[in-house]
There are 2 protein chains.
Amino acid sequence: MKAENLRRTRTNVRANVRNVPGPCAHWNDEDADFIREVLDLVGDKWSVLIIGTLADKPVRYSDLADAIPGISQRMLTLTLKHLQRTGLVTRTSYPEVPPRVEYALTELGTSLLSTVLALAAWSADNHAEIRRHQTEYDRAGTVRRTV
Amino acid sequence: MKAENLRRTRTNVRANVRNVPGPCAHWNDEDADFIREVLDLVGDKWSVLIIGTLADKPVRYSDLADAIPGISQRMLTLTLKHLQRTGLVTRTSYPEVPPRVEYALTELGTSLLSTVLALAAWSADNHAEIRRHQTEYDRAGTVRRTV
DNA sequence: CAGCATCCCTTCCGATACTG
DNA sequence: CAGTATCGGAAGGGATGCTG
């Protein structure tokens with residue numbers, strides 16, 4: 001189990017501490033793991049784009065590649081497998097020549113889509129304000145660039 | 001602008017194509033950029049944990065470090081700066097000895113929290129089913145491990 | 001058409017040491 | 001206490017070539 005490198009350092013102190021303050025009022029440590037699992041899935045570079053593309057109909061592999069700007073073959077395949085494993089999409093291959101494979105959202109995938117749409121709406125709503133903050137923050141950092 | 005390596009390859013073909021199919025019924029390419037920006041922010045390893053910890057009261061630097069299991073000093077500082085730049089948290093330092101610095105959610109940060117809570121709820125609700133799919137998927141892959 | 005395997009460069013991030 | 005600076009391993013992800 002390679003527990004040998006649990007040497008206590010200044011970082012990551014809390015692992016060895018009893019009686020810690022709860023991390024957050026909205027979830028416990030275990031919940032935090034779950035949400036991070038979902039965020040790792042959803043926060044990756046392509047998953048959300050794929051889910052969005054599959055939103056209302058099954059799409060075949062090459063059509064996905066065409067529909068999603070900039071995705072590489074490798075990442076398309078990898079992400080689809082990942083989504084499949086999580087139970088968000090299904091893969092159906094039709095024994096024809098030439099071969100045809102269609103990917104579709106499962107019910108689970110659809111339910112996640114609607115949740116993600118809330119985030120998309122937030123993004124659209126607050127995009128301008130975020131930009132404002134960013135440029136202001138960056139401008140403040142440029143003061144006295146003495147070099 | 002180093003446009004020289006725009007040699008058209010089999011990957012990433014769409015960049016050179018006119019008349020492409022829209023990527024998704026729920027957002028256009030530009031929206032996709034915004035949502036990915038937010039996902040990059042929120043999908044990173046620590047942002048959500050920090051936001052959750054700041055949910056109902058300002059918290060000082062060292063208390064954040066204690067409250068969030070496993071975070072390194074480097075990542076705490078980095079993520080806080082990132083969240084600041086985006087306008088989700090504020091930093092207030094009190095000129096005392098010893099120094100005290102408190103981080104707090106802005107209104108923007110609070111609004112994002114409530115959106116993220118929806119995702120947290122989804123995670124909790126569907127965690128068990130996701131696990132089911134994962135183990136089933138993995139079991140299927142273990143068939144005929146001939147080596 | 002629908003992938004898989006390989007190479008390789010970039011980014012992320014934890015550990016560690018040092019400062020106002 | 002609240003950071004900054006630097007290093008090195010691990011992971012992410014694009015390009016390319018090959019297969020059923």
Side-chain angles (χ1 to χ4, degrees), chain A residues 2 4-16 36 39-47 49-50 58-84 89-104 141, chain B residues 2 4-16 36 39-47 49-50 58-84 89-104 141:
Chain A
K2 47 182 325 190
E4 45 199 342
N5 52 2
L6 278 183
R7 267 186 51 244
R8 179 182 164 143
T9 63
R10 188 157 82 98
T11 48
N12 201 352
V13 177
R14 184 167 174 271
N16 309 50
R36 260 248 299 265
L39 279 172
D40 281 352
L41 178 71
V42 147
D44 94 11
K45 205 173 176 186
W46 303 109
S47 293
L49 278 315
I50 293 181
V59 180
R60 22 192 322 187
Y61 184 87
S62 57
D63 288 342
L64 275 171
D66 291 346
I68 299 175
I71 195 168
S72 67
Q73 216 171 29
R74 170 190 156 83
M75 286 291 65
L76 180 55
T77 302
L78 239 59
T79 309
L80 281 171
K81 274 188 179 166
H82 198 183
L83 293 173
Q84 239 187 293
V89 313
T90 58
R91 190 197 111 116
T92 317
S93 87
Y94 300 88
E96 307 170 353
V97 281
R100 177 167 58 105
V101 177
E102 282 188 350
Y103 292 88
Chain B
K2 48 182 326 191
E4 45 199 341
N5 52 2
L6 279 184
R7 266 187 53 243
R8 179 182 162 140
T9 63
R10 187 158 81 95
T11 48
N12 202 351
V13 176
R14 186 166 173 271
N16 310 50
R36 260 248 300 266
L39 278 171
D40 281 353
L41 178 71
V42 147
D44 96 9
K45 206 173 176 184
W46 303 108
S47 294
L49 276 318
I50 291 180
V59 180
R60 28 197 310 191
Y61 184 87
S62 57
D63 288 343
L64 275 172
D66 292 346
I68 299 174
I71 196 169
S72 67
Q73 215 170 29
R74 170 191 157 83
M75 284 327 285
L76 180 55
T77 302
L78 238 60
T79 310
L80 281 171
K81 274 187 181 166
H82 199 182
L83 293 173
Q84 239 187 293
V89 313
T90 57
R91 191 198 110 116
T92 316
S93 86
Y94 299 88
E96 308 169 353
V97 282
R100 175 166 60 105
V101 176
E102 281 189 349
Y103 292 89

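In the text below, chain A, chain B and the rest are named by the order of the sequence lines, each starting its count at 1.
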Atom [atom1] of [X] to atom [atom2] of [N]: distance rounded to whole Å?
X: A:Glu96; N: C:dG3; atom1: CD; atom2: P; value: 14 Å
X: B:Trp46; N: C:dC12; atom1: CH2; atom2: P; value: 16 Å
X: A:Met75; N: D:dA11; atom1: CE; atom2: P; value: 14 Å
X: A:Arg100; N: C:dG3; atom1: CZ; atom2: C1'; value: 17 Å
X: A:Asp44; N: C:dT11; atom1: CG; atom2: P; value: 18 Å
X: B:Leu76; N: D:dA2; atom1: CG; atom2: P; value: 10 Å
X: B:Asp66; N: D:dA2; atom1: CG; atom2: C1'; value: 13 Å
X: A:Ile68; N: D:dG14; atom1: CD1; atom2: P; value: 12 Å

Side chain of [X] only, please: which of [options] is the nearest?
X: A:Tyr61; options: D:dC1, C:dG3, D:dG20; result: C:dG3
X: A:Lys45; options: D:dG3, D:dG13, D:dA2; result: D:dG13
X: B:Ser62; options: C:dA2, D:dG13, D:dA2; result: D:dA2
X: A:Val101; options: D:dG3, D:dG20, C:dG3; result: C:dG3

Does [X] have a side-chain nitrogen or oxygen under 4.0 Å from the phosphate oxygens OP1 or OP2 of [N]?
X: A:Arg74; N: C:dA5; result: no
X: B:Arg60; N: D:dA2; result: yes
X: B:Ser72; N: C:dC13; result: no
X: B:Thr77; N: D:dG3; result: no
X: B:Lys81; N: D:dT4; result: yes
X: B:Arg91; N: D:dG3; result: yes

Any donor-acceptor pair under 3.5 Å from A:Arg36 side chain to B:Lys45 backbone = yes
A:Pro58 versus A:Glu102, closest heavy-atom pair with distance | CB-OE1, 3.7 Å
Does any part of the side chain of [Y], heavy atoms only, come nearer than 4.5 Å to the side chain of [X], both counted from C-beta?
X: A:Val101; Y: A:Ser93; result: yes
X: B:Arg91; Y: B:Tyr61; result: no
X: B:Leu49; Y: B:Ile71; result: no

Ranking A:Pro99 and A:Leu78 by the position along DNA chain C of their nearest nucleotide, the one closer to 5' is A:Pro99
Select base, sugar-phosphate, or nothing to describe what B:Tyr94 touches, counting heavy atoms under 4.0 Å on all strands.
->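 If one applies the 4.0 Å heavy-atom cut-off, B:Tyr94 turns out to touch nothing in the nucleic acid.
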